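When reading the values below, keep in mind they use all heavy atoms of this one structure, side chains included, and skip hydrogens, waters and symmetry mates. Just follow the structure's listing: the first ligand is 1, and inside any ligand the first atom is 1. In this text the structure is predicted, and so the values were computed from the model without any measurement.
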Amino acid sequence: MRAYDGPAIETEGLVKIYRGGTRALDDVSLEVAPGELFGLLGPNGAGKTTAIRVLATLLRATAGTARVVGLDVVTQAVEVRRRLGLAMQNPTLDAFSTGRETLELAGRLQGMAAAAVRRRSDELLELMGLSSVAKKLAGTYSGGMKRRLDVAAALVHCPELLILDEPTEGLDPQSRTALWEELERINASGTTMLLTTHYMEEADRLCSRVAIIDYGRIVVDGAPGALKQGIGADTVVLQIESDGAADLGVVAEPAGANSDGAGAGAPSDPVVLVRRLLEGMVAPGAVIAHPVGVSLAVPNANAAVPALLRRLESDGLRVTGLQVTQPTLDDVFMKYTGRRIREEAADQPLLLGW
Ligand SMILES: Nc1ncnc2c1ncn2[C@@H]1O[C@H](COP(=O)(O)OP(=O)(O)O)[C@@H](O)[C@H]1O
Ligand SMILES: [Mg+2]
């Protein structure tokens, strides 16, 4: 039940300069509407935790203002704390309390009556799939169960706004998916949510809106779909092979991964070849080398691919595999910052032969 109809979060020119001079937040202005599942996406060190600590009244900004459900985080801090639920990056659970005791303590700390706390704890244990381990010590829980218990503890007092700092950090893929589903359920039942993440798949899958933060600045915000559409092109990876047409002299081996094709003049270079064959259809600069062949940047690739293939194959080039990928939020991050968020190796593209 929402008591306030304005923005759930509203910040204006937030700046945080830590002692030592790090400018962790640099003019952050954000607005989160009630009911949103809003994501703050950025690499490590971008300022996500700092922003959350300011919103949760745990840290004073150097400049700027922040309101949570209409309340000022500095002058109305006590009231703000009552209206939000917070789960920080590292859950601070007591290993020697059971799941149920953890929730009951959280409720009592929020000033709830004993009977209400018991009812709410039952409900949350059920919601988070923890009923069967409610009487076990939290110390014996798996990583995913600890996270779910921590989120449940943040929800005990039915906050209007739930703030989660990197909720799935360190979880295995299965626990991550399970937690995503729970977070979606919580949001669908009316709780506005702000979460931070450096996993772009997470922001993409979960969030109705995302703000990308880098070096303390919001570089762009919008719905994930709209941000990706703004990239303007899909990627088509072609695995190619010579069919023996002597004059083409296409190499069957993968092309050098690090050649961008610029200035490549060898007639056997697939990039040069594909550029020539697709002249008039695809701009030369949109064709670059890829470990298995070439990669093309093509607007609306699904519609364009048949004609591209006809042209290539009629000229004797055999395409042995093809993959079309839509832009990701990582491409969006790249567009606005010139760097990639993804630190781990990119998922290997699955090439579908036919
Ligand atoms: N208590 C602190 N004192 C000084 N610098 C800090 C402190 N906390 C964070 N920082 C610095 O501020 C920047 C933003 O950090 P943080 O908000 O934790 O980013 P994120 O959560 O996105 O990884 C980083 O450069 C970090 O080193
Ligand atoms: Mg952080």
Judged by non-hydrogen atoms, does A51 sit under 4.0 Å from ligand 1? no
Identity and distance of the protein heavy atom lying nearest atom 24 (C) of ligand 1: G45 O, 3.7 Å
With a 4.0 Å cut-off, would you call R276 and D315 a salt bridge? no
Nearest non-hydrogen protein atom, atom 19 (O) of ligand 1: G47 N, 3.1 Å
Is ligand 1 less than 4.0 angstrom away from at least one heavy atom of G20? no
Evaluate T49 against Q89 for side-chain hydrogen bond (donor to acceptor under 3.5 Å, both in side chains), listing each step before the verdict. CA-CA 8 Å; T49 299; Q89 200 159 351; 3.2 Å; yes
If the threshold is 4.0 Å, N to carboxylate O, is there a salt bridge linking E104 and R118? no
With a 3.5 Å distance limit and no angle check, can you tell me whether D221 reaches the backbone of I212 through a side-chain donor-acceptor pair? no
May I ask you to identify the nearest protein heavy atom to atom 17 (O) of ligand 1, giving residue, atom name and distance to one decimal place in Å? T50 OG1, 2.5 Å
Checking contacts now, so for atom 26 (C) of ligand 1, which I'm interested in, is there any protein heavy atom under 4.0 Å? no
Only heavy atoms of N44, strictly under 4.0 Å: list the atoms of ligand 1 that pass. 23 (O)
For the side chain of R120 and the backbone of L155, is there at least one donor-acceptor N/O pair under 3.5 Å apart? yes
Euclidean distance, L195 CG relative to T168 OG1, rounded to 0.5 Å: 8.5 Å
Per-atom contacts of ligand 1 with P43, taking only distances under 4.0 Å to non-hydrogen atoms: 22 (O)
Just by distance, do the side chain of R275 and the backbone of P284 share a donor-acceptor pair under 3.5 Å? yes
Intermediate values then yes/no, salt bridge (charged side-chain N to carboxylate O under 4.0 Å, His left out), E184 and R205: CA-CA 10 Å; E184 278 169 339; R205 148 85 198 264; 2.9 Å; yes
Can you tell me if Q76 uses its side chain to pair, donor with acceptor, with the backbone of D72 under 3.5 Å? yes
Considering non-hydrogen atoms of the protein only, which is the closest contact for atom 11 (C) of ligand 1, and what is the distance? T22 CG2, 3.9 Å
Using a strict 4.0 Å cut-off to heavy atoms of A46, name the atoms of ligand 1 that fall inside it. 19 (O), 20 (P), 22 (O)
Give a yes/no answer: is there an N/O/S atom of T49 under 2.8 Å from the Mg ion (ligand 2)? yes
shortest atom 9 (C) of ligand 1-to-protein heavy-atom contact is with Y18 CE1, 3.4 Å
Within ligand 1, which atoms have a heavy atom of A24 less than 4.0 Å away? 12 (O), 13 (C), 14 (C)
Tell me the protein heavy atom at minimum distance from atom 18 (O) of ligand 1, and give that distance in Å. T49 CB, 3.8 Å
